[in-house]
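Source: prediction; values computed, not measured. Residue numbers count from 1 along this sequence.
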Amino acid sequence: DLKNLPIPRYDLMRLDRYKIPNIPVQTTRGCPWNCNYCEVTQVYGGKYRFRPVEEVIEEIQSAVRSTKRQLIYFVDDNFNASPKRTMTLMEKMLPLRVKWTALCTMNIGNDPEFLRLMRKSGCVHINLGMETINPESLSSIEKRQNTIHQYEKQIKALRKAGIDFSINVMFGLDGDTREVFGLTQDFLIRNKVPTAYMFILAPRVGTRIR
């Protein structure tokens, strides 16, 4: 139960000592998906849990008051996993006039109304878990929410909505061959991806990947 979580005492921190410009806020724990390489469901369990929207808004207001900073970083592992609930949160954020960033999945690009509200509520950047352009590798990590043939359309939708983004890519998955490096590079260049983070598969202890 995430009700009544204490609000961090940001006023006690000397934030001028830190170069990080954003303030972390968590609105959910867990994830409804169960990708086999990910430790989220192992750490937080398989149930996707929500903080009351009113309490999230209260924490954002407290953070802005205490820090005089306007950039919020939602540290949820999957900010858009429950679109209806997230849209309710974004509607409540409209009067706050803050800027924010979050971690999302590629399928966020399938919902123009969601993207419109993201932008209107202050979203300036999202980080996306694309992981791979190799169908066999995508199947091997059981990331069922990603659909490779939709990637380009989803990226175009983000760009049309005016939302900046970065993409995460993993190498070393089952199904990867030497050709995957060049194919991935061609995809990123062709779609003018602003920033891409490359990772080598390094399974965490307790995850289901083999």
Side-chain angles (χ1 to χ4, degrees), residues 19-22 24 31-40 71-81 83 86-87 90 99-204 207-210:
K19 293 183 179 180
I20 298 175
N22 51 52
C31 181
W33 303 99
N34 194 22
C35 308
N36 65 12
Y37 67 90
C38 183
E39 74 274 16
V40 171
L71 180 59
I72 302 297
Y73 172 35
F74 291 114
V75 298
D76 305 39
D77 294 289
N78 192 341
F79 186 69
N80 63 302
T86 305
M87 290 183 78
M90 292 190 293
K99 304 297 183 184
W100 60 271
T101 179
L103 306 172
C104 297
T105 46
M106 292 293 293
N107 57 2
I108 200 172
N110 296 337
D111 190 341
E113 180 62 21
F114 191 98
L115 295 178
R116 184 195 66 79
L117 187 53
M118 285 179 67
R119 180 64 176 169
K120 189 176 180 181
S121 63
C123 179
V124 292
H125 176 269
I126 55 174
N127 179 247
L128 298 163
M130 186 182 81
E131 318 312 357
T132 180
I133 61 167
N134 184 325
E136 184 180 346
S137 294
L138 187 63
S139 177
S140 76
I141 59 176
E142 302 176 14
K143 189 153 190 169
R144 298 179 180 87
Q145 66 272 39
N146 279 21
T147 307
I148 291 173
H149 72 266
Q150 293 184 337
Y151 283 171
E152 297 201 17
K153 183 184 75 171
Q154 291 163 343
I155 288 173
K156 287 178 181 177
L158 287 166
R159 191 166 278 124
K160 183 178 180 181
I163 297 172
D164 187 30
F165 62 94
S166 56
I167 280 177
N168 298 332
V169 181
M170 288 195 292
F171 294 114
L173 302 172
D174 290 348
D176 281 358
T177 62
R178 291 185 179 182
E179 286 72 28
V180 75
F181 298 106
L183 292 172
T184 301
Q185 176 180 279
D186 292 344
F187 174 89
L188 296 172
I189 292 174
R190 184 171 66 253
N191 289 279
K192 299 180 180 178
V193 173
T195 305
Y197 299 103
M198 312 293 183
F199 302 93
I200 297 173
L201 176 64
R204 302 284 180 89
T207 54
R208 296 181 297 106
I209 197 166
R210 297 290 185 268

Please tabulate, one pair per line, all N/O donor-acceptor pairs under 3.5 Å involving side-chain atoms of residues 179-186, not counting sequence neighbours.
{"residue": "Glu179", "atom": "OE1", "partner": "Thr177", "partner atom": "OG1", "Å": "2.8"}
{"residue": "Thr184", "atom": "OG1", "partner": "Val180", "partner atom": "O", "Å": "2.6"}

Keeping [X] on the side-chain end and [Y] on the backbone end, is there a donor-acceptor pair under 3.5 Å?
| X | Y | value |
| --- | --- | --- |
| Tyr151 | Ile133 | no |
| Arg208 | Asn34 | yes |
| Arg204 | Glu39 | no |

Revision key, fill the gap. Sorted by chain and number, sequence neighbours left out, side chain to side chain contact (heavy atoms under 4.5 Å, CB included) with Lys153 holds for Asn110, Gln150
To the nearest 0.5 angstrom, please state how far the [atom1] atom of [X] sits from the [atom2] atom of [Y].
| X | Y | atom1 | atom2 | result |
| --- | --- | --- | --- | --- |
| Phe187 | Ile148 | CZ | CD1 | 9.0 Å |
| Ser137 | Glu131 | OG | CD | 11.5 Å |
| Lys143 | Leu173 | NZ | CG | 10.5 Å |
| Ile167 | Thr195 | CD1 | OG1 | 9.5 Å |
| Thr86 | Leu117 | OG1 | CG | 10.0 Å |

Heavy atoms only: give me the nearest [X]-[Y] pair and the separation to one decimal.
| X | Y | answer |
| --- | --- | --- |
| Cys35 | Gln145 | SG-NE2, 3.8 Å |
| Pro83 | Ala81 | CD-O, 3.4 Å |
| Asp77 | Leu103 | O-CB, 4.1 Å |

Which residues share a salt bridge (Lys or Arg N to Asp or Glu O under 4.0 Å) with [X], sequence neighbours left out:
| X | value |
| --- | --- |
| Arg116 | Glu113 |
| Arg178 | none |
| Arg159 | none |

Practice item. Return yes if a side-chain donor-acceptor contact under 3.5 Å exists between Asn146 and Thr105, otherwise no. Key: no
**Study point:** Thr132 and Asn134 side chains, donor-acceptor separation under 3.5 Å
**Key:** no
Revision key, fill the gap. So the ring-ring contact (aromatic ring centres under 6.0 Å, His included) pairs with at least one residue in residues 100-120 (sequence neighbours excluded) are Phe74-Trp100, Phe79-Trp100
Check your understanding: Should Val124 and Asp164 be marked as a side-chain contact (heavy atoms from CB on, under 4.5 Å) after you check the CA-CA gap, both sets of side-chain angles, and the distance that decides it?
Key -> CA-CA 6 Å; Val124 292; Asp164 187 30; over 6 Å; no
